[in-house]
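All remarks here apply to the structure that follows.
Letters A, B, ... mirror the listed sequences (proteins, then strands); counts begin at 1.
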Amino acid sequence: MSVTAPTHGSGHPHGVDQGKRDFLKLVTGSAAVIGVGAIAWPLIDSMNPSADVLALSSVEVDLTPVPEGQGITVAWRGKPIFVRHRTAKETKEAEDVKLSELIEPQPDSDRVKPGHSQWIVVIGICTHLGCIPLGNKPTDPRGDWGGWFCPCHGSQYDTSGRVRHGPAPLNLYLPPYAFESDSKIKIG
Amino acid sequence: MAGLHKSEFKNPVVNWIDTRMPVFTMMNKEYAVFPTPKNFNYFWNFGALATVTLMVMIATGIFLAMNYTPDSTMAFDSVERIMRDVNYGWLLRYAHANGASMFFIVVYIHIFRGLYYGSYKTPRELLWMIGVVILLLMMATAFMGYVLPWGQMSFWGATVITNLFSAFPLVGNAIVTWLWGGFAVGDPTLHRFFSLHYLLPFVLVGVVFFHVIALHITGSNNPLGIDVKSPQDTLPFHPYYTIKDSVGLCVFFMVWALFVFFAPNFFGDPDNYIPANPLQTPSEIVPEWYFLPYYAILRSVPNKLGGVCMMFGSILVLFVLPWLDTSPVRSAKFRPIYRGLFWVHVLACIALGFVGAHRPEGLWVVLGRVATTYYFLHFLVLLPIIGKLERPLPLPESISRPVVPRGGGPLPGGATAKPMEKP
């Protein structure tokens, strides 16, 4: 269905310079594609997090009211963050696990801040399909490894937030955070 | 195989689809090989420009709606959040707000093009009337869109425009209460205006589709206003007019961008950056520029119902224009008297625009009344009469031979006053 020169009015004695025509088509088409892309990008980017959403990207948490053996849940970027004060026994259990037993091997020392190994801070979202595991409260079921238990599909995590029983494939993610003092952390 | 389309496309996938749903054949027929008069000038760009503007308005509007809150306590702040916090929100909003003005500029030129070249005349009456429906829908959509930022002008514009309906005897107040969903413009009004502002553009797309269908049955008018006689008078739409439209589109986008990037509030009113206050009317209240002529007509009539009727009448009269203009010659190029009156009419419309922007005092009142009178005189009295009296210039034989040999000179009126018909 390509349209060639019209039956009238072309009047070019030597025919059409096809190479020149192809070049013009290519240049015109590219300019149109770039133009449409330039128009489309602001529309697409407007759906990314806006400045006011990004501004909510850090929270400070006071740790003094959290007794040993208990945890609290704080919201960061709309997600639950588990902050748990481990007992000495729980910390020792987490540190002494053989890495070969783990689904995603990772030493406990990589998951806590040095000098604050009694505090474990994880993003409280099961790595299977996004449910929030139980176990932050002492009355919750904590699974066979004393950490967290996901009620959706039965995944279990240990006291370091590492997955010990599927179907979750990965350990609980760690949020970026730092100790501002011994009793205060800043998440984000 | 009964009922299947015999597709001529070589590409097997295209052919497979086209056999079952001949959209490729349709697009090829209507937009590629479509025979189009070969003598278009750049005024024939404006239909395509309007279509593109509608698409840009819908695209930017959809993304703006993702961040806008149609609630009287949050609307103003949500618009400010779009301006400050949403990525490219300022660009979306300025493109959309200035797009409304661009849309009206393009459509008004498109309409006056039709008036000058007689595009409303037989057989294009229905095409023209569908166009008037498009204009009315655009006006409703633009008005409701202007209410959404919920500034002072939004609020009081909504109040004044909806109160127009209170002019109708007996049922007026009930209609206004129904429009408002309360006893003043308020939260329910804002919610329904948002809903309708989102809906109507898609209705517009449907009506534009009918507009194009009607256009493709009658074929386009052309600057000479005479019918296409033979294939020598036409060019395939692609690539000749796709390219010509693209050139106009580039210029149009540059003008639009000029406003968006360098004068984004040129068409706006600073009072609309003051949040709506139901207890205080701004001291100067004017509608957006594209409504000023109608506003001037409204204020030129010293009677509430009369003014409202004249204002609506100024658009409704366009519906019967094909039957008011009695001249069978389309293009003003060959109608010396009509050509003069056309420009007087353009001047009257521009004058009404200026009158609408000023307080109704002193000379502005006089000018408004003179221009209003001419507006209606033009359509209701002059067009029917001059169609009979005017002696048109000789029409060319065909689009391919526009020049009448040896200058021609006026032929007997009866002979030229007939539209050229296809053999």
Exercise for the section: Indicate yes or no for a side-chain donor-acceptor contact from B/N87 to the backbone of A/D45 under 3.5 Å, with no hydrogens or angles considered. Expected result: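 The answer is yes, because a donor-acceptor pair under 3.5 Å joins these two groups.
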
[X] atom [atom1]: more than 12 heavy-atom contacts under 6.0 Å:
X	atom1	value
B/R20	CZ	yes
A/M47	CE	no
B/H216	NE2	yes
B/M83	CE	yes
B/F202	CZ	yes
A/K137	NZ	no

Hey, could you give me the [atom1]/[atom2] distance between [X] and [Y], rounded to the nearest 0.5 Å?
X	Y	atom1	atom2	answer
B/N67	A/S50	CG	OG	6.5 Å
B/L91	A/S46	CG	OG	10.0 Å
A/L43	B/Y88	CG	OH	11.0 Å

Practice task
Would you mind checking which part of B/A59 comes under 4.5 Å of any heavy atom in chain A, side chain (CB onward), backbone (N, CA, C, O), both or neither?
Solution key: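 Looking at B/A59, backbone and side chain both touch chain A.
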
Practice task
Please look at B/S246 and chain A and tell me whether the side chain, the backbone, both or neither of the residue comes under 4.5 angstrom of a heavy atom of that chain.
Solution key: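 Contact with chain A involves no heavy atom of B/S246 at all.
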
Handout entry: Best-contacting candidate, B/M66, B/R81, B/R84, against chain A by heavy atom pairs under 4.5 angstrom
Key =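 The answer is B/R81.
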
